[in-house]
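The chains referred to below are lettered A, B, ... by the order of the sequence lines, with proteins before strands, and numbering in each begins at 1.
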There are 2 protein chains.
Amino acid sequence: MKAVEGSDGTADEVALETIHHELTSFARRARASAGRMHPELSLVSYTLLGHLEESGGCRATDLAVHYALDKSTVSRQVTALERAGLVERRADPDDNRGQLLHLTPAGTAALARVTERRREAFRARLADWSADDLARFAEYLVRYNAAAAARDGRTD
Amino acid sequence: MKAVEGSDGTADEVALETIHHELTSFARRARASAGRMHPELSLVSYTLLGHLEESGGCRATDLAVHYALDKSTVSRQVTALERAGLVERRADPDDNRGQLLHLTPAGTAALARVTERRREAFRARLADWSADDLARFAEYLVRYNAAAAARDGRTD
DNA sequence: ACTACTCGTTGCATAGTACAAGCGGCCGTC
DNA sequence: GACGGCCGCTTGTACTATGCAACGAGTAGT
């Protein structure tokens with residue numbers, strides 16, 4: 001990694017720069033390898049399915065807002081997921097404009113499969129970490145993401 | 001975040017699942033916001049410029065191998081960066097097949113600008129962290145990325 | 001009703017990427 | 001020193017993901 005000789009060069013500055021560099025590196029790698037590593041489900045599709053599972057069903061607009069995606073993008077993704085038999089659309093009894101999206105059993109199964117594969121990859125990478133380190137790393141990530149989400153005006 | 005009651009529900013399993021979830025969330029957000037947050041330089045362009053700065057100049061093939069990109073992708077990215085005046089090609093005195101890529105002063109400046117903007121965003125998100133937490137978070141990220149890179153067969 | 005807003009789809013444009021073909025230079029072997 | 005094979009790079013083609021704009025259909029306030 002690049003150790004920056006910041007204007008003041010405090011330990012905080014070095015840590016900050018390292019975090020910046022490593023997260024950038026991670027983001028690039030995740031993007032590059034997502035397709036090859038998880039051919040069954042793209043990162044976005046995976047996330048959308050995950051949200052449907054967590055939320056127990058929601059509208060396409062909700063997904064678009066939540067993930068800062070254009071509604072057309074979500075529309076197309078959902079269309080693909082529906083063609084693949086992973087989600088189904090149900091009429092919204094309160095609003096005929098929209099549809100409520102739900103996972104199908106096949107969608108639930110596909111999500112579980114990919115989650116398990118992803119989790120295995122993480123498990124392998126973190127195999128030799130101590131319990132304390134794992135717990136602290138998890139806590140830091142939650143904290144970081146919460147701050148990032150707050151600044152992005154989102155809620156996840 | 002989703003707190004999973006894993007099959008055995010040990011603290012390690014919970015931490016692992018949290019790490020999985022949070023890193024996935026981060027990757028998705030980074031991808032979605034990269035274009036809007038940093039219109040001057042895409043994530044890949046940014047990374048390529050960064051590598052040129054760190055390495056002090058290298059060949060296109062080196063970039064392709066290092067970042068697991070197709071050589072054609074790198075070729076086009078480099079062409080765009082050259083058109084933008086951010087990199088220049090120099091003849092390799094040892095091999096007329098290839099070119100050595102170098103940052104131009106404008107490239108160095110653009111990289112510094114985007115780095116500064118990115119760093120500011122990170123700084124804001126991490127503003128209220130203690131020095132110990134920053135240092136540990138940085139250490140964890142380095143450690144995680146090293147493991148991920150090793151499994152991906154790369155070197156950064 | 002009329003207007004304004006919302007939800008979703010579709011047409012277009014763009015960026016990023018991979019794969020394959022090809023061009024030209026380099027380096028062995030014979 | 002010619003040749004075959006490898007290497008670095010570019011170009012053609014196709015595909016995916018994405019955004020913006022326009023639109024159709026439905027809802028809600030007045």
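For B:Arg59, taking side-chain heavy atoms from C-beta onward, the closest of the listed nucleotides D:dG8, D:dG19, C:dG8 is D:dG8. Checked against D:dG8, C:dG8, C:dT9, the side chain of A:Ala60 finds its nearest nucleotide in C:dG8.
In the model, B:Asp70 has a side-chain atom that pairs as donor or acceptor with a side-chain atom of B:Ser72 under 3.5 Å. Residues A:Thr108 and A:Glu53 have side chains that never bring a donor and an acceptor to within less than 3.5 angstrom of each other.
Atom pair A:His66:NE2 and C:dC7:P shows a separation of 16 Å (rounding to whole Å applied). Rounded to an integer number of Å, the gap from CG of A:Leu41 to C1' of D:dA17 is 15 Å. Whole-Å rounding puts the B:Asp92 CG to C:dG24 C1' distance at 15 Å. For the pair A:Asp70 CG and C:dC12 C1', the computed distance is 13 Å after rounding to whole Å. Residue A:Arg83 contributes atom CZ, which lies 12 Å from atom P of C:dT9 at whole-angstrom precision. Regarding A:Arg28, its CZ atom lies at a distance of 22 Å from the P atom of C:dA15, rounded to whole Å. C:dG8 atom P lies 15 Å from atom CZ of A:Arg90, rounded to whole Å. In this structure, B:Leu48 atom CG and C:dT17 atom C1' are separated by 13 Å, rounded to whole Å.
At D:dT10, one or more side-chain N or O atoms of B:Arg89 fall inside 4.0 Å of OP1 or OP2 (strictly under the cut-off). Taking side-chain N and O atoms only, B:Gln77 has a distance below 4.0 Å to OP1 or OP2 of C:dT17. Look at A:Ser75 and you won't find any side-chain N or O under 4.0 angstrom from OP1 or OP2 of C:dG8.
Minimum interatomic distance between B:Gly85 and B:Thr104 (heavy atoms only, all atoms of both residues): O-OG1, 2.6 Å. Residue B:Leu86 comes nearest to B:Ala110 through the heavy atom pair CD2-CB, 4.0 Å, listed as atom of the first residue, atom of the second, then distance.
Between A:Arg76 and B:Asp62, the residue anchored nearer the 5' end of DNA chain D, judged by the nucleotide with its closest heavy atom, is B:Asp62.
By the criterion of side-chain heavy atoms lying less than 4.5 angstrom apart, applied directly or through intervening Ile, Leu, Val, Met, Phe, Trp or Tyr residues, A:Leu48 is not grouped with A:Leu100; the two fall into different hydrophobic clusters.
Heavy atoms of A:Val44 sit under 4.0 angstrom from primed sugar atoms or phosphate atoms, though from no base atom. Among the atoms of the strands shown, base atoms are found under 4.0 Å from some heavy atom of B:Ser72. Among the protein residues, B:Ser42 comes within range of the sugar-phosphate backbone only, with heavy atoms under 4.0 Å from sugar or phosphate atoms but none that close to a base.
For C:dG8, its base sits under 3.5 Å from the side chain of A:Lys71 at one donor and acceptor pair at least.
In this structure, B:Arg28 is not positioned above the aromatic face of A:Tyr67 in the sense of NZ or CZ being under 6.0 Å from the six-membered ring centre and within 45° of the axis.
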| task | Using a 4.0 Å heavy-atom cut-off, write out nucleotides 24-30 of chain D from 5' to 3' as B (base contacted by protein), S (sugar-phosphate only) or - (no contact). | result | --BS---
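A salt bridge between A:Asp95 and A:Arg59 is absent, with no side-chain N of the basic residue lying under 4.0 Å from a carboxylate O of the acidic one.
Screening B:Tyr144, B:Trp129, B:Phe122 against B:Phe137 for a ring-ring contact (aromatic ring centres under 6.0 Å, His included) leaves a single residue, B:Trp129.
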